[in-house]
Each structure stands twice: as C-alpha cells, then as structure tokens.
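Below you'll find the structure, written out as structure tokens, and then a few comments.
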Protein chains: 2
Amino acid sequence: MNRRQHKASLTKKKISDAAIKLFEEKGFRNVTVDEIVQVTGTSKGAFYTHFKSKHEVFFDKFKEIDRYYEEVLLDFVKEEEFSIEKLRIFLRLQMKYIQEDLGWDVTRTIYENELDPSRKSYFLMEDRPLYRILTNIFDEGQKNGEFRNDISTEKMVMVCLRVMRGILYDWSINEGAYSLEEEQELLFSTMINGLEA
Amino acid sequence: MNRRQHKASLTKKKISDAAIKLFEEKGFRNVTVDEIVQVTGTSKGAFYTHFKSKHEVFFDKFKEIDRYYEEVLLDFVKEEEFSIEKLRIFLRLQMKYIQEDLGWDVTRTIYENELDPSRKSYFLMEDRPLYRILTNIFDEGQKNGEFRNDISTEKMVMVCLRVMRGILYDWSINEGAYSLEEEQELLFSTMINGLEA
DNA sequence: ATATTCTACAGACTATAGTCTCTTTGTCAA
DNA sequence: TTGACAAAGAGACTATAGTCTGTAGAATAT
C-alpha cells in the first residue's frame, strides 16, 4: 500500500467512524451526508468514492455481523451434542447479539437497504458465512437423524432464513418495542418442531 | 357530499388511478410525483392534500387486500371441516393472490413503507381484518383440539404473521424471482407442523 | 528529470420527495 | 345577498441523496 492508498484508507475510516457514531447518536435517518462530510472536513466527492450510498456505510458493520457469528457464536455451539441444540442456541445468541449490539435502527436500515433493487444486496450473496453455518448444522443434524430426511438441507436453510427475516423485519417495524431474545423462542421452537424428524 | 367534496373526490380518484397505472407500467420507484401530477393535470398541492406520501397512494390497495381476504378467501375456506385445513388453504390462496394480483413491486413498496418510522403503518393497526381471520381460525382449531393448547391464540397469530412477513419480505428482495405459491407450502407446513397438537 | 496518467477529492449541480404560502371558489350564517 | 370562513388546489421553495466535472498531486513511464 503506497502513500496515496494509505491516505485514502484513512479518509475512508474517518468518514466511516464519524458516520457510525452519528447514526448511533441520532438515528440513521436523522443524519445527512452533508453533515458527515462537514464534521469530517471532507466532501461529497470523498464520501461517494468510498461508499456507493449512505446505506453502504453499514457494509463493514455487516461483515462484522458475520464475523461475530463465525468466531464467537460458533464457539458457544461447538460443545453441544445435538444439532438441534446447536441450532437453538445459535439462533438465541444471534438474536441477543442483534438486539444488544446492533439495535433496531441498524437492523431496520439494513433491512431497508435490501428492499432497494438499485443497491447491492448483502442477503443474497450466496457465500455468506451465515448460510454455511446453517447448512452445516442442518447437514449434521440430518445425518444423525435429528432433522427430517424428506427435505433437502438447502430447503431447511431457506425455511430458517425466512423465519429469521420474518422476526427481524417485524422487530424493525415495531421499532424494537419487544425483546427479541424472548420472542424468538416460541417462533424458532415452532419451526424446529416442524423440522424435527 | 356537496359539490366541493364531490369534485375533490374526483381529483383524488384521478390521481390515484393514474398513479397506480403508472406504477404498474414503470415500477413504483420509476414514477415521480411530478409525473403523476403532470399527466393528471393537477399539482403537488392537490397530490399532497389527498395523500400523505407517494407510498400512501397504496393505502387503498391495502384496504383492498384485506377486503379480498375477508370476502373472497374466507368463502373458499368456510366449507372445510378442519381448522388446520382452513389455515393451510387460506395461506395458500393469500400467497397466490399476492403473487398474481399484487405482484412483487407493490408488495415491496408496502414492505418498504412499513420500515419508515415517520410514515403511517398498516401492519400495526390492531384491527386489521387479517388479524381477526387468523385469530378465529386458531381459536376454533384450538377449541377442537387441532392446535396446541399451551400457547395462546394471540401468540400463534404472532408466529403466523412473522412467518408470513418472512416469506413476503424474502420474495420482495428477490424481486419476485420464485413462485410464492410453490415456496409457501414448505414454510407454512413446517410452521403448522410445529403448532399442531 | 520530465512528461503522462491516474486517483482521491472538492464542490457545483441534478433529481425528486415533501413543505409552505397564496389564491380561488364553494359553503354557510346572518 | 353578502361577508366570513374553509377547503381544494397551484406552484414556488426546501431538504437531501446522489452525480458530474474539474484539479492537485502522487505514481509511473521514458
């Protein structure tokens, strides 16, 4: 990385840090790009060379989510004997993390971004770690007879993803008004119930 | 209704009709309010006296959805002996209707609107016919022992709504790329499985 | 060392949803 | 009938995300 690239990456980080801080303080919608640009002493040009949109500032946050799933949550899950328990715990911790560390405004913003066809989708990237994690769990659980055998792993992953999206979307439109950690239990246990062998 | 109100309602209808037609032709995001105003020969002032936002033009469409659920779908369901079958058929027909009559762009637009905290939410209106319909089905099914008795009807309705939102959100971000009518089957049957007594 | 090219950035500009103010005209009370 | 009021509408204006164009100076080639 030469001097120029280095300086550029500093600018990107400066913008990103300031933006995320402002979003946390005032909420995503109440922060303007002009404001971000102003407090960082940069410019529209700088902002949009580093980010495709105001939403995209979250992209790093998003990669962070997946890293957290892989590095932290998988550890908690590893020791469990049964795949069903792995799944249950993974989902609970995931919801807890989203509630406590991301918060509903970030979640809402990410969910909103996905609905805009002109913007890059993170949910539809096929190689998301989340998908691998779920695939592994279902695969293993199906092999040792815990999950139904009449449905492919892919389909079970799809079911699981849609249920997750359902509760996270619902939580977002409710502006985080209920405890995700508590409410997830019934929903996911119903789903797991329906997927058990 | 006096002459003035009559004329006003004509204007509203003119705007609404033209807008929906344009949305169908070009997609919601590719139609501007200026364009709607121009083709109807009205003005911004007229538009915004009748609609709180561009999204709100769908409000009527939304009421139409619920009317359809109540008037058409309930008829198909009435004859069924088992509540579980009623639920299954209702959900299938609902998805079929959304796929064929509304389309993913309208669905996406409605789902997007809900994510904006500054706008009126339709999903959170407690007296939506949809909620009554689901409550009735679960209530009846619980009484005759088809559904689990350890969960309240309200909670089962919540589970069902979240699953519905999950698949519709997912279908929206996929830009309607798969058949809702086909894909709903596995998801809802899994859920019903988990709710059966 | 000099010329050339490229890239990060500045900031003016555009597109568009939504607001504000002013005007017109129907309604209603006296 | 007339005067006050209100509501529907016209259209200028604002706020803000995103685009476009030009430039300085760093990298690179000769």
Side-chain angles (χ1 to χ4, degrees), chain A residues 1-20 22-23 25-59 105 108-110 112-120, chain B residues 1-20 22-23 25-59 105 108-110 112-120:
Chain A
M1 192 156 72
N2 62 32
R3 194 142 39 119
R4 198 146 125 189
Q5 290 168 318
H6 180 67
K7 198 162 155 277
S9 80
L10 284 184
T11 305
K12 178 168 185 179
K13 184 160 170 21
K14 187 163 65 175
I15 292 174
S16 170
D17 288 350
I20 296 214
L22 284 170
F23 293 156
E25 282 166 19
K26 312 169 59 174
F28 183 79
R29 308 185 88 89
N30 304 316
V31 178
T32 67
V33 176
D34 282 325
E35 186 182 0
I36 296 165
V37 153
Q38 192 227 313
V39 303
T40 53
T42 59
S43 68
K44 276 277 177 72
F47 187 95
Y48 284 100
T49 43
H50 293 297
F51 304 99
K52 279 214 271 302
S53 70
K54 187 179 154 195
H55 279 85
E56 191 171 285
V57 181
F58 281 121
F59 191 39
D105 187 57
R108 209 213 77 238
T109 306
I110 291 170
E112 187 184 47
N113 181 63
E114 293 292 322
L115 284 174
D116 186 340
S118 70
R119 286 201 278 251
K120 187 163 123 218
Chain B
M1 193 156 70
N2 62 32
R3 194 140 41 116
R4 195 143 125 190
Q5 291 167 318
H6 180 67
K7 196 159 157 278
S9 80
L10 285 183
T11 305
K12 179 169 184 179
K13 184 160 171 19
K14 187 164 64 175
I15 291 174
S16 170
D17 288 351
I20 295 213
L22 284 170
F23 293 155
E25 281 166 20
K26 312 170 60 173
F28 182 79
R29 307 184 87 89
N30 304 316
V31 177
T32 66
V33 176
D34 282 326
E35 188 182 359
I36 295 165
V37 154
Q38 193 226 313
V39 304
T40 52
T42 59
S43 68
K44 277 277 179 70
F47 187 94
Y48 284 99
T49 43
H50 292 298
F51 304 100
K52 277 212 272 302
S53 71
K54 188 180 153 196
H55 279 86
E56 191 170 287
V57 181
F58 280 121
F59 190 40
D105 188 58
R108 208 213 79 238
T109 307
I110 291 171
E112 188 184 45
N113 180 64
E114 293 291 323
L115 284 175
D116 186 341
S118 70
R119 286 203 277 253
K120 186 163 124 216

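Just so it is clear, the values below take in all heavy atoms, side chains as well, and ignore hydrogens, waters and symmetry mates. Every chain is numbered from 1, with letters handed out A, B, ... down the list of sequences.
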Got a list of protein N/O to nucleotides 3-6 of chain D N/O distances below 3.5 Å?
from	atom 1	to	atom 2	distance (Å)
D:dA6	N3	B:R4	NH2	3.0

| For A:F58 and A:T109, what are the C-alpha separation, side-chain angles and deciding distance, and is it a side chain to side chain contact (heavy atoms under 4.5 Å, CB included)? | CA-CA 8 Å; A:F58 281 121; A:T109 306; 3.1 Å; yes

| said: Between P on D:dG25 and NE2 on A:H6, what's the gap in Å once rounded to a whole number? | reply: 19 Å

| query | Could you give the distance from CD1 (A:I15) to CG (A:L10), rounded to the nearest 0.5 Å? | reply | 11.5 Å

| task | Please state how far atom CD in A:E56 lies from atom P in D:dT19, giving the value in whole angstrom units. | result | 12 Å

| field | Test: B:K12 cationic atom under 6.0 Å from B:F51 six-membered ring centre, within 45° of axis | value | yes

| query | Pick one: which of A:T11, A:T40, A:D34, A:V33 meets side-chain contact (heavy atoms from CB on, under 4.5 Å) with A:F47? | reply | A:V33

| task | For B:Q5 and C:dC28, give me the distance from atom CD to atom P, rounded to whole Å. | result | 8 Å

| request: Send over the distance from A:F51 CZ to D:dT19 P, rounded to a whole Å. | output: 15 Å

| request: Could you state the atom-to-atom distance from CD1 of B:I15 to C1' of D:dA8 in whole Å? | output: 11 Å

| Nearest atoms (heavy-atom pairs only) where B:R29 meets A:D116 | NH2-OD2, 3.1 Å

| task | Would you give a per-nucleotide map of nucleotides 9-21 of chain C, 5' to 3', where B means the base has a protein non-hydrogen atom under 4.0 Å away, S means only the sugar-phosphate does, and - means neither? | result | BBBB---SBBB--

| task | Could you please spell out the steps behind the side chain to side chain contact (heavy atoms under 4.5 Å, CB included) verdict for A:F23 and A:I36? | result | CA-CA 10 Å; A:F23 293 156; A:I36 296 165; 4.1 Å; yes

| request: For the pair B:E112 and B:H55, evaluate side chain to side chain contact (heavy atoms under 4.5 Å, CB included) and give the outcome as yes or no after the intermediate values. | output: CA-CA 9 Å; B:E112 188 184 45; B:H55 279 86; 3.1 Å; yes

| message | Quick check with a 6.0 Å cut-off and a 45 degree axis cone: is A:K52 positioned over the face of A:F59's six-membered ring? | response | no

